[in-house]
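Treat the numbers as computed from the prediction; the structure is a model and nothing was measured.
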Amino acid sequence: MMKITPSIPLPDWISLSQIVNWLVLGERPLEGELDKARRASRGADWEEWERRREMFERAKLAILAVMHLGKIVAFGRISTQAASQDGDWKFRNYVDHADEFEEIPSGRWTHDGIAWARGTLLTPIAEYAGVRIRQSDFIRHFAPEEADATDISTSGYSTPYLRLMIEAIESNKISNEFQPVHGDLVAWFMEKTINGMPVSQHMAKSMATFVRLPESARRGPWATDKSNALPHG
C-alpha cells in the first residue's frame, strides 16, 4: 500500500468511498477532490472495479468489521423516502436526504449495504448519504503508520491558508531546485477555494510569493528555477 504524502494534511473527514480507495488503490484522501470512486460511478473508471473486484469486496469487509462492532462512529445524511419499494432493497434509490449529518447506529452496517461507488450505506428501511468518519478514526484503524505524518507542526496548529500553500508545494513539485513561475502559481491558487470562498488575486499573489524561495522573488516573476537566473552585469 502507498504511504500517505505527509506534506499535505488529510481532510478532517474521510468519506466511505475514500476509505475503500485507500485500502484497494492506495489513493490518498484529498479535500474536495473527486476521488476514483466518484469517477467510477460515472463510468469513467469502472474498469478499476472490474480489475480488482475481490480486493474491493475484501476492503468492504474490513470496513464492516470495525463499523459493525462500533469501533468507529460514522455519520451520514439519512433518508427514509425510497423512490420505490419494489425489488431488492440493496438497489433502491432514496430522495430528500437530511441536510444534517447524524450518527449511524452500528447495527445498520452490513456488507451488502455498502455502496462503494456512491459513498452511501443502504439498509432495508433507509439510506445514509455522504457517509464519513473522522480523520483520527481513519488513521487509527486504516492508516496507523501515518499517525505522525499528518501533523505539519509540533503544536498541531494549522490554518486553511497554510494547508493550501502546502498543497501547492506538493502539487506543483516546488523544491530548492525547481521554482515555478510566479504567475503560474497565482493562477493555480485562484482556481482554489478556502472555506468555500474563491481565493482573491491579492491573496493568490501573496501565497504564490510565500511558497517560493526569497531569491526567486528577487530575480523577478520570470524565473522558473535557479538555472534561469539572469546573468550579472
Without swapping roles, check the side chain of [X] against the backbone of [Y] for a donor-acceptor pair under 3.5 Å.
X      : Y      : value
His68  : Trp109 : yes
Arg132 : Gly76  : no
Trp22  : Phe142 : yes
Gln18  : Ser15  : yes

Of the non-hydrogen atoms in [X] and [Y], which two are nearest, and what is the gap between them?
X      : Y      : value
Arg212 : Ala208 : CG-O, 3.4 Å
Thr120 : Ala129 : CG2-CA, 3.9 Å
Pro29  : Phe138 : CG-CZ, 3.9 Å
Val131 : Leu121 : CG2-N, 3.7 Å
Leu16  : Gly119 : CD2-C, 4.1 Å

Table please: side-chain donor-acceptor pairs of residues 200-207 below 3.5 Å, with sequence neighbours left out.
| residue | atom | partner | partner atom | Å |
| --- | --- | --- | --- | --- |
| Ser200 | OG | Met203 | N | 3.1 |
| Ser206 | OG | His202 | O | 3.2 |

Side chains of [X] and [Y]: does their closest heavy-atom pair fall under 4.5 Å?
X      : Y      : answer
His97  : Ile78  : no
Ile139 : Gln135 : yes
Asn21  : Phe56  : yes
Ile174 : Leu185 : yes

Check the pair Lys192, Glu167 against salt bridge (Lys or Arg N to Asp or Glu O under 4.0 Å), reporting the backbone distance first and the verdict last. CA-CA 11 Å; Lys192 304 297 180 179; Glu167 181 183 345; 3.8 Å; yes
Are [X] and [Y] joined in one hydrophobic group, where the rule is that I, L, V, M, F, W and Y side chains link up if heavy atoms are under 4.5 Å apart?
X      : Y      : value
Val73  : Leu10  : no
Val20  : Leu23  : yes
Met190 : Phe210 : no
Val24  : Val66  : yes

Going from [atom1] on [X] to [atom2] on [Y], what distance comes out if it is rounded to the nearest 0.5 angstrom?
X      : Y      : atom1 : atom2 : value
Arg77  : Asp96  : CZ    : CG    : 11.0 Å
Ser175 : Ile169 : OG    : CD1   : 10.5 Å
Lys60  : Glu57  : NZ    : CD    : 4.5 Å

With sequence neighbours left out, write down each residue that passes salt bridge (charged side-chain N to carboxylate O under 4.0 Å, His left out) with Arg140, or none if nothing qualifies. Asp137
Applying salt bridge (charged side-chain N to carboxylate O under 4.0 Å, His left out), name anything that partners Asp86, two or more places apart in sequence or on another chain. none
Results of side-chain hydrogen bond (donor to acceptor under 3.5 Å, both in side chains) for [X] - residues two or more places apart only:
X      : result
Gln85  : Arg92
Lys90  : Asp88
His141 : none

Where do Ile194 and Val199 land on the side-chain contact (heavy atoms from CB on, under 4.5 Å) test, with the steps shown first? CA-CA 7 Å; Ile194 293 179; Val199 175; 4.0 Å; yes
For Met197, which fellow cluster members are found when Ile, Leu, Val, Met, Phe, Trp and Tyr are connected by side-chain heavy-atom distances below 4.5 angstrom, either directly or through intermediates? none
Residues that, via side-chain heavy atoms closer than 4.5 angstrom, fall in one hydrophobic cluster with Tyr94: Trp89, Leu122
Quick one: list whatever passes ring pair (Phe, Tyr, Trp, His ring centres under 6.0 Å) with Trp13, sequence neighbours left out.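 So Trp13 forms a ring pair (Phe, Tyr, Trp, His ring centres under 6.0 Å) with Phe75.
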Please collect all salt bridge (Lys or Arg N to Asp or Glu O under 4.0 Å) contacts where either partner lies in residues 99-108, sequence neighbours excluded, each pair once.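 Not a single pair qualifies under salt bridge (Lys or Arg N to Asp or Glu O under 4.0 Å).
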Under 4.0 Å between a side-chain nitrogen and a carboxylate oxygen: does that hold for Glu127 and Arg118?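 Here Glu127 pairs with Arg118 in a salt bridge, since their nearest N and O are under 4.0 Å apart.
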